[in-house]
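Notes follow the structure.
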Amino acid sequence: MSTTYLGMPALPAPGDRAFPSFPQAAHAAVRDTTLRGNLRHATHTIRAKRAKAVAEVSDWAQLREAGRRIKDHTLRHLDRYLVQVEEAVTAAGGTVHWAANAAEANRIVADLVKATGEREVVKVKSMATQEIGLNEALQAEGIRAYETDLAELIVQLGKDRPSHILVPAIHRNRGEIRDIFRSEMSAWGRPAPEGLTDTPAELAEAARLHLREKFLRAKVGISGANFVVAETGTLVVVESEGNGRMCLTLPETLISVVGIEKIVPTWRDLEVFLQTLPRSSTAERMNPYTSMWTGTTDGDGPSTFHLVLLDNGRTDTLADQVGRQALRCIRCSACLNVCPVYERAGGHAYGSVYPGPIGAILSPQLRGTATDIDASLPYASSLCGACYEVCPVAIDIPEVLVHLRERVAEGGTATRGGNKVVLRPAKGHAAERAAMRAARWAFTHPGALAAGQRLASRTRRFHPRALPGPGRAWSAGRDLPAVPAEPFRDWWQRTRGGKDEAK
Ligand code: SF4
């Protein structure tokens, strides 16, 4: 299903052709000076803080390499670790459910909530539940989901879409947030205080008061997880506001929707990521709140716990030897904060809950490249490599982007979520593919190539200075290289007699 936000275009699901391509979607964003100002200020602030926090750690390179190896090892043996997680969670009193795709996961969660007799849930910030459009699926079943992370609350109240992994409302400034609180809070519960200003302390207090009544009333909590420790079946959520701790401890029933790639084998492995994640994401030395739970415990926290393990394209991604490294991602968002394309286009243009460089390689793999937006995402990058430099698990994003561009240019089919989808070239890439085919033919027919080169040399006086048609924009800011009076092969034959001096 598509993820819909009132007043915003629906995010595409596999095969959904409604969302425009990245260049089209980014077109308006780059002209929005308020948006660009908000993004520039926020990303530059976070990136400077991250650089300082990382520089404090003398063994950062070793931690990064350890994280890469742990993730690769886990993904290679994922079948074994998933079974280990299921056994450990079940032994600890939890129930494990398996969801092949978004529809299955949403149905499982909706049925679990309905079985409690409740009609509202509180949520911890979770990318997995955004990915599957859980809030909208619950709404269709008459269940209201309340986001409790401050930025997610702003997005939900504003009928908006998240535009950043870590700071979903990064595109909003304080004045806009104040206006949203004033106009929308009363429709969702406790209204904003009279005379609310845009000072951070007042905005935070308004959110705290608004959310507190929901925490105290809720009987069902829904979360994701940053990590699942296979050896004990322990789930881990790291956060900064304490809303997660409230959702994970106060309700009677807890349902966690977790992507299958979130597993780490042991507690020793977890230690690595608890050092790299906070410094890479919020530039903190450690997270203010790190909540861990293993099944259920009498008299302590929720008495019922369900773990929904989500595939939704991950197994297909795992099958791609180059692209599978995207599954190492720990969602720190450091790559977004250094990306010149993200800084100018903003997160909405990526048409996914995963924006920025990681979104450009993850969404086309999870959803396939059958739509305009997914086929265009691998091109939403200058390949500058800044994302790779900051990634705490060393995902070579430029390598995967180039790999996915090849896949888009070549077309063909692939399997996504059990369905065969056509990988078609994005608009504009058909011409590129035709040019590559012509080049391949020419290079495999040397006689024709030599004749063509001689013809080009003899007619060079008549060559245009700019390309016609769609190439006009490209050549407007560039000088086309001049064709030499004599082709290289002829010059070599004439001056060297065709002999290779090195022999
Ligand atoms: S790709 Fe790397 S830098 Fe980007 S969000 Fe994932 S872990 Fe962080």
Side-chain angles (χ1 to χ4, degrees), residues 1-14 16-44 46 102 125-136 147 149-177 179-180 184 331 333 335-364 366-367 369 371-382 387 401 426:
M1 71 176 284
S2 299
T3 306
T4 55
Y5 295 82
L6 224 58
M8 300 291 290
L11 293 181
D16 179 349
R17 302 187 183 282
F19 204 90
S21 68
F22 180 83
Q24 285 176 291
H27 197 257
V30 294
R31 286 173 166 71
D32 185 336
T33 50
T34 305
L35 174 70
R36 286 185 61 168
N38 294 349
L39 282 171
R40 184 179 161 77
H41 173 71
T43 55
H44 282 242
I46 304 174
K125 180 180 176 330
S126 151
M127 299 306 296
T129 61
Q130 283 179 26
E131 176 189 321
I132 61 176
L134 180 64
N135 290 10
E136 295 73 20
E147 295 290 349
D149 170 87
L150 177 55
E152 290 288 3
L153 174 69
I154 295 163
V155 167
Q156 186 172 48
L157 293 178
K159 303 177 186 68
D160 202 350
R161 280 201 272 110
S163 66
H164 190 277
I165 291 175
L166 190 72
V167 197
I170 196 169
H171 54 288
R172 298 288 195 189
N173 59 35
R174 286 193 273 140
E176 292 175 299
I177 295 167
D179 295 344
I180 290 170
E184 303 298 331
R331 312 281 190 263
S333 72
C335 58
L336 278 68
N337 300 329
V338 296
C339 177
V341 177
Y342 174 85
E343 184 187 321
R344 285 154 183 84
H348 291 154
Y350 292 80
S352 165
V353 297
Y354 303 111
I358 182 59
I361 62 168
L362 193 57
S363 304
L366 294 180
R367 302 190 301 212
T369 50
T371 63
D372 281 349
I373 180 65
D374 288 323
S376 66
L377 284 177
Y379 297 85
S381 168
S382 65
C387 47
L401 286 166

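Values below: every heavy atom of this structure, side chains too, minus hydrogens, waters and symmetry copies. As the structure is a prediction and not an experimental result, all values here were calculated from the model.
For the salt bridge (Lys or Arg N to Asp or Glu O under 4.0 Å) test, residues two or more places apart in sequence or in another chain that qualify with Glu184 are Lys159.
Looking at Thr371, its side chain does come within 3.5 Å of a backbone N or O of Asp374 through a donor-acceptor pair. Between the Lys125 side chain and the Ile165 main chain, a donor and an acceptor come within less than 3.5 Å of each other. No donor-acceptor distance shorter than 3.5 angstrom exists from the side chain of Asp32 to the backbone of Ala28, with no hydrogens or angles considered. At least one donor-acceptor pair closer than 3.5 Å links the side chain of Ser376 to the backbone N or O of Phe22. Remark: side-chain polar atoms of Arg36 are not paired, donor with acceptor, to backbone N or O of Arg31 under 3.5 angstrom. Looking at Ser363, its side chain never comes within 3.5 Å of a backbone N or O of Ala360 through a donor-acceptor pair.
Counting heavy atoms from C-beta on, the side chains of Asn38 and Ile170 never come closer than 4.5 Å. Residues Leu336 and Thr43 fail the side-chain proximity criterion, which asks for heavy atoms closer than 4.5 Å.
Residue Val341 comes nearest to Ser382 through the heavy atom pair CG2-N, 4.0 Å, listed as atom of the first residue, atom of the second, then distance. Nearest heavy atoms, Tyr342 versus His164: OH-CD2, 3.2 Å.
A donor and an acceptor atom, one from each side chain of Glu176 and His171, are nowhere located under 3.5 Å apart.
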side-chain hydrogen bond (donor to acceptor under 3.5 Å, both in side chains) evaluation trace for Asn135 with Glu147: CA-CA 9 Å; Asn135 290 10; Glu147 295 290 349; 2.9 Å; yes
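The 12-atom threshold is not exceeded at NE2 of His41, counting heavy atoms of other residues, nucleotides or ligands nearer than 6.0 Å.
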